[in-house]
Amino acid sequence: MKVTVVGAGNVGATCADILAYREVVNEVVLVDIKEGMAEGKALDIWQKAPIDMYDTRTVGVTADYSRTANSDVVVITSGLPRKPGMSRDDLIETNAGIVKSVTEQVVAHSPNAIIIVVSNPLDVMTYQAHITSKLPRTKVIGMAGILDTARYRAFLAEALNVSPKDIQAMLLGGHGDTMVPLPRYTTVGGIPVTELIDADKLNAIIERTKVGGGELVKLMGTSAWYAPGSAAAQMVEAIVRDQKRVVPVCIKLEGEYGIDNCYLGVPVVLGKNGVEKVIELQLDEKEMSDLRTSRDHVMEVMNVLDKINNK
Ligand SMILES: NC(=O)c1ccc[n+]([C@@H]2O[C@H](COP(=O)([O-])OP(=O)(O)OC[C@H]3O[C@@H](n4cnc5c(N)ncnc54)[C@H](O)[C@@H]3O)[C@@H](O)[C@H]2O)c1
Ligand SMILES: O=C(O)C[C@H](O)C(=O)O
């Protein structure tokens, strides 16, 4: 199995490192536009192999997509990260062009690959990759929900002083401040979270989760990479090992949740064919209304992308 990671920056290199370290595939190809960057990071990861005892080959190339040919999965992380004071949507103009040209080259060399988009604004960059690739919606998906639920789970584990391993959670919607964490679908060792934490504390955690990316941007001056790289690697692993993981993933909705033609995070079954099933949860009125608010926001940014593409 072969995986390409486009963008050898913070998120891309972290994802490649985890894929190699865990021997998820035989070969990881890192691609970047900056001369020498991908080659250097791939070599560094390969030189770690004798220490950490793995044998996944890591190869780096500067914009040479012939080396990515016949990849099974391609992760697109190329693009600008935001700086303090910016929203993810502020990245659209630059990143739309990058994701479009990268997707064209990826598909030309790996027409059967499953594409995982990471670049921001996530839901709309997934839209960009999907329309550019012309692949089925089940094969062009976005990473955000695994990261957002991980933040939510980590905050809960800290507040309850329990292991993060025992916290299960689901979350819907766009990868932005309108995301919809679902306390009704959150459990701690099988126990509904609402039995273990009071409502005010839970609400504070939900609000912190929604701006979890921004919290890190403020602290570091650029956006996060350890958890995002790991979340993307988890999606790759689910696909190449056909694990049928049930995780939140961004996909084009075609009528699910009463929503059509919008790219949003929803629970899916992720396996060798990409998204093998979209799971429709029974939502109450408030959850549904929050999801519609998130949809409205993503649709607005999708309209901005349409205008950029039609210029
Ligand atoms: N979906 C998520 O949850 C999530 C999480 C974290 C970051 N992100 C997004 O991921 C993207 C990357 O973040 P980062 O921290 O790794 O940034 P980074 O600046 O560290 O890395 C981006 C890399 O992309 C490369 N690049 C730019 N244009 C390219 C092109 N045309 N072809 C190949 N490579 C190209 C750059 O040279 C750079 O090395 C950003 O858009 C960021 O907002 C998304
Ligand atoms: O917050 C960002 O800009 C990056 C990413 O979307 C994140 O949530 O960490």
Side-chain angles (χ1 to χ4, degrees), residues 4-17 29-42 60-65 67-68 74-106 115-126 128-129 132 141-152 154 171 173-179 208-235 247-250 263 265 298:
T4 287
V5 179
V6 185
N10 286 333
V11 178
T14 304
C15 177
D17 183 33
V29 180
L30 256 180
V31 186
D32 205 284
I33 202 166
K34 199 168 164 198
E35 190 74 44
M37 178 61 76
E39 288 85 340
K41 295 223 177 151
V61 290
T62 302
D64 174 10
Y65 283 82
R67 194 63 188 74
T68 71
V74 177
V75 183
I76 299 180
T77 75
S78 46
L80 294 184
R82 62 175 161 152
K83 291 193 163 62
M86 291 172 83
S87 87
R88 297 178 181 91
D89 299 342
D90 294 335
L91 303 167
I92 191 169
E93 190 99 30
T94 309
N95 287 357
I98 293 173
V99 170
K100 186 165 189 272
S101 77
V102 163
T103 304
E104 284 164 354
Q105 295 172 83
V106 161
I115 298 177
I116 298 171
V117 179
V118 177
S119 314
N120 270 317
L122 186 275
D123 309 281
V124 179
M125 291 304 102
T126 307
Q128 175 73 299
T132 305
I141 55 186
M143 185 293 289
I146 294 179
L147 171 66
D148 295 326
T149 46
R151 287 182 175 143
Y152 175 48
L171 173 153
H175 180 51
D177 304 353
T178 62
M179 69 179 73
R208 187 177 176 195
T209 301
K210 289 183 185 172
V211 293
E215 178 180 0
L216 291 164
V217 171
K218 220 185 244 173
L219 287 167
M220 303 191 293
T222 187
S223 55
W225 58 89
Y226 292 115
S230 196
Q234 186 173 79
M235 288 177 69
V247 283
V249 157
C250 174
Y263 293 74
V298 172

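Read the numbers this way: they start at 1 and go in the same order the structure lists the ligands and their atoms. Keep in mind that what you see is a predicted model, and the values were worked out from it rather than measured.
- Of all the heavy atoms in L147 and H175, the pair that sits closest is CD2-CE1, 4.3 Å.
- Heavy atoms of D32 found under 4.0 angstrom from ligand 1 belong to the backbone as well as the side chain.
- Each of the following atoms of ligand 2 lies closer than 4.0 Å to a heavy atom of G213: 1 (O), 7 (C), 8 (O), 9 (O).
- Put simply, the side chain of I141 reaches to within 4.5 Å of the side chain of M235, judged on heavy atoms.
- Using a distance-only test at 3.5 Å, with no hydrogens or angles considered, a donor-acceptor pair links the side chain of T68 to the main chain of Y65.
- Looking at P248 and D148, their side chains never come closer than 4.5 Å, going by heavy atoms from C-beta outward.
- Under the 4.5 Å side-chain criterion, counting only non-hydrogen atoms from C-beta, D89 is not in contact with L91.
- For the pair L30/V61, no side-chain contact is recorded, criterion being any heavy-atom separation below 4.5 Å from C-beta on.
- Within ligand 1, counting atoms from 1 as listed, the ones closer than 4.0 Å to a heavy atom of P228 are 5 (C), 6 (C).
- Residue-ligand proximity, R82 to ligand 2, at heavy-atom distances under 4.0 Å covers atoms 1 (O), 2 (C), 3 (O).
- With a heavy-atom cut-off of 4.0 Å, L147 touches ligand 2 through its side chain alone.
- Residues T222 and K83 fail the side-chain proximity criterion, which asks for heavy atoms closer than 4.5 Å.
- Here atom 10 (O) of ligand 1 lies nearest to V118 when heavy atoms of L122, V118, D148, V217 are compared.
- Using a 4.0 Å heavy-atom cutoff, L216 is absent from the residues neighbouring ligand 2.
- The shortest N or O to N or O distance between V102 and ligand 1 is not under 3.5 Å.
- In this structure, T77 contributes its side chain and V6 its backbone to a donor-acceptor pair below 3.5 Å.
- Within ligand 2, counting atoms from 1 as listed, the ones closer than 4.0 Å to a heavy atom of S223 are 2 (C), 3 (O), 4 (C).
- In terms of protein heavy atoms, atom 35 (C) of ligand 1 is closest to S78 CB, 3.5 Å.
- Comparing I116, T126, L80, T222 by heavy-atom distance to atom 40 (C) of ligand 1, the nearest is L80.
- For Q105 (side chain) and S101 (main-chain N/O), a donor-acceptor pair under 3.5 Å exists by modelled atom type.
- If you check which protein heavy atom lies closest to atom 21 (O) of ligand 1, you get G9 CA, 3.2 Å.
- Among protein heavy atoms, the minimum distance from atom 17 (O) of ligand 1 is reached at P81 CG, 3.5 Å.
- For the residue pair T62/E39, the side-chain donor-acceptor check at 3.5 Å is satisfied.
- A heavy-atom separation below 4.0 Å is found between R151 and ligand 2.
- Closest to atom 33 (C) of ligand 1, if we only count protein heavy atoms, is I33 N, 3.5 Å.
- For the pair D148 and ligand 2, the shortest N or O to N or O distance does not fall below 3.5 Å.
- In terms of modelled atom types and a separation under 3.5 Å, the side chain of S119 and the main chain of S78 share a donor-acceptor contact.
- Protein heavy atom closest to atom 11 (C) of ligand 1, with residue, atom name and distance, is T77 O, 3.3 Å.
- What sits closest to atom 7 (C) of ligand 1 on the protein, heavy atoms only, is V11 CG2, 3.7 Å.
- Which parts of ligand 1 touch N95 is read off a 4.0 Å heavy-atom cut-off, strictly below it: atoms 41 (O).
- At least one side-chain heavy atom of I76 sits under 4.5 Å from a side-chain heavy atom of T103.
- Remark: side-chain polar atoms of D32 are paired, donor with acceptor, to backbone N or O of A8 under 3.5 angstrom.
- Side-chain contact between C250 and M143: absent, with no pair of heavy atoms (C-beta onward) separated by less than 4.5 Å.
- Counting protein heavy atoms only, atom 6 (O) of ligand 2 is closest to H175 NE2, 2.6 Å.
- Residue, atom and distance of the protein heavy atom nearest to atom 15 (O) of ligand 1 are N10 CB, 3.6 Å.
- Residue-level proximity to ligand 1 for H175 is carried by the side chain, the only part with a heavy atom below 4.0 angstrom.
- For atom 22 (C) of ligand 1, the closest heavy atom belonging to the protein is G79 O, 3.4 Å.
- The atoms of ligand 1 that sit less than 4.0 Å from any heavy atom of A224 are 6 (C).
- Of the candidates L80, V102, V124, D90, N95 forms a side chain to side chain contact (heavy atoms under 4.5 Å, CB included) with just one, namely L80.
- Atoms of ligand 1 lying under 4.0 Å from any heavy atom of N120, numbered from 1 in the order shown and given with element: 4 (C), 8 (N), 9 (C), 41 (O), 42 (C), 43 (O), 44 (C).
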